[in-house]
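Nothing here was measured: the structure is a model prediction, and the numbers come from that model.
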Amino acid sequence: MHTKFTDLIGKTLTSIENKDNEELIFTTTEGETFFMFHSQDCCEHVRIEDIAGDLDDLIGNPITLAEEVTNSEDTLGKIEYLDSFTWTFYKLATIKGYVDIRWLGQSNGYYSERVDFHKDNKNYY
């Protein structure tokens, strides 16, 4: 079953674990676990580039916003990438605060730059 990022809306998180800016693990009060990651392959690299806000603001209150936005344009005109890149922004909010997680995917154009989001485990095939 495909998990949508918006499935987090209404969930209350008990923890968020950041594993070297390569993976985030969200755990809910109901014991659910959500994984945000990318299975790396040849000629690509997808990682968390920046987290704006405090992840702790997402703990203990229901998620009111869970939005994904992507962009493949170099609006600054000065960033050097491989043949292809994708910015993916994950916006999360509770009544306590707002967090924007910015992922950067780079590749030679033949590989995925998409971030995976799955519930309960990373084995989704």
Side-chain angles (χ1 to χ4, degrees):
M1 180 171 113
H2 180 69
T3 306
K4 297 178 288 191
F5 189 64
T6 56
D7 290 346
L8 285 177
I9 295 175
K11 305 283 185 190
T12 301
L13 300 177
T14 58
S15 68
I16 303 171
E17 184 180 353
N18 183 347
K19 294 192 163 204
D20 299 322
N21 288 334
E22 301 276 336
E23 175 181 19
L24 291 177
I25 302 171
F26 302 86
T27 304
T28 71
T29 55
E30 295 138 353
E32 299 168 301
T33 305
F34 293 87
F35 296 87
M36 179 182 281
F37 65 100
H38 178 83
S39 295
Q40 303 293 338
D41 205 344
C42 168
C43 305
E44 66 176 16
H45 188 69
V46 181
R47 69 187 177 286
I48 297 170
E49 188 75 10
D50 183 52
I51 298 176
D54 187 349
L55 290 174
D56 288 339
D57 287 347
L58 303 176
I59 306 295
N61 291 292
I63 299 292
T64 58
L65 171 74
E67 179 182 33
E68 175 185 355
V69 178
T70 61
N71 180 9
S72 294
E73 296 179 22
D74 183 1
T75 56
L76 300 176
K78 61 181 183 179
I79 303 174
E80 294 182 23
Y81 298 99
L82 295 172
D83 294 331
S84 177
F85 69 94
T86 302
W87 292 104
T88 307
F89 300 86
Y90 290 93
K91 302 174 182 194
L92 290 162
T94 67
I95 60 169
K96 193 174 173 185
Y98 176 88
V99 174
D100 193 359
I101 304 164
R102 180 169 46 114
W103 287 75
L104 173 60
Q106 302 170 302
S107 77
N108 63 4
Y110 294 101
Y111 294 90
S112 172
E113 298 162 359
R114 185 165 177 78
V115 178
D116 297 307
F117 187 75
H118 296 283
K119 181 180 171 184
D120 296 329
N121 65 56
K122 291 176 17 178
N123 301 319
Y124 53 92
Y125 294 104

Within the side chain of [X], is there an N or O that forms a donor-acceptor pair under 3.5 Å with the backbone of [Y]?
| X | Y | answer |
| --- | --- | --- |
| D20 | E22 | no |
| T28 | T12 | no |
| T64 | A93 | yes |

At what distance, to the nearest 0.5 angstrom, does [atom1] of [X] lie from [atom2] of [Y]?
| X | Y | atom1 | atom2 | answer |
| --- | --- | --- | --- | --- |
| K119 | T3 | NZ | OG1 | 7.0 Å |
| T33 | D120 | OG1 | CG | 6.5 Å |
| L65 | T6 | CG | OG1 | 10.5 Å |
| L13 | I63 | CG | CD1 | 4.5 Å |
| E67 | L92 | CD | CG | 10.0 Å |
| I25 | E17 | CD1 | CD | 4.5 Å |

Could you walk me through whether Y90 and V115 pass the side chain to side chain contact (heavy atoms under 4.5 Å, CB included) check? CA-CA 10 Å; Y90 290 93; V115 178; 3.3 Å; yes
Can you find a heavy atom in the side chain of [X] that is under 4.5 Å from one in the side chain of [Y]?
| X | Y | value |
| --- | --- | --- |
| D100 | I51 | no |
| M36 | E23 | no |
| E32 | T27 | no |

Heavy-atom pair with the smallest gap, counting every atom of G10 and P62: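 Heavy atoms only, the tightest pair is O-CB, 4.1 Å.
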Which heavy-atom pair separates V99 from G53 by the least distance, and what is that distance?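 Residues V99 and G53, closest heavy atoms: CG2-C, 4.2 Å.
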Is there a path from L55 to F5 through hydrophobic residues (I, L, V, M, F, W, Y) whose side chains come within less than 4.5 Å of each other?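 L55 clusters together with F5.
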Does one hydrophobic cluster hold both Y98 and I101, with members joined at side-chain heavy-atom distances below 4.5 Å?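 As far as the 4.5 Å side-chain criterion goes, I101 and Y98 are not connected within one cluster.
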Please report the C-alpha distance between W87 and W103 in whole Å, then the side-chain angles of each, then the deciding distance to 0.1 Å, and finally whether the side chain to side chain contact (heavy atoms under 4.5 Å, CB included) criterion is met. CA-CA 6 Å; W87 292 104; W103 287 75; over 6 Å; no
Working for side chain to side chain contact (heavy atoms under 4.5 Å, CB included), residues K19 and L24: CA-CA 6 Å; K19 294 192 163 204; L24 291 177; over 6 Å; no
Sub-6.0 Å ring centroid separation between F34 and F117: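 Centroid distance F34-F117: below 6.0 Å, so yes.
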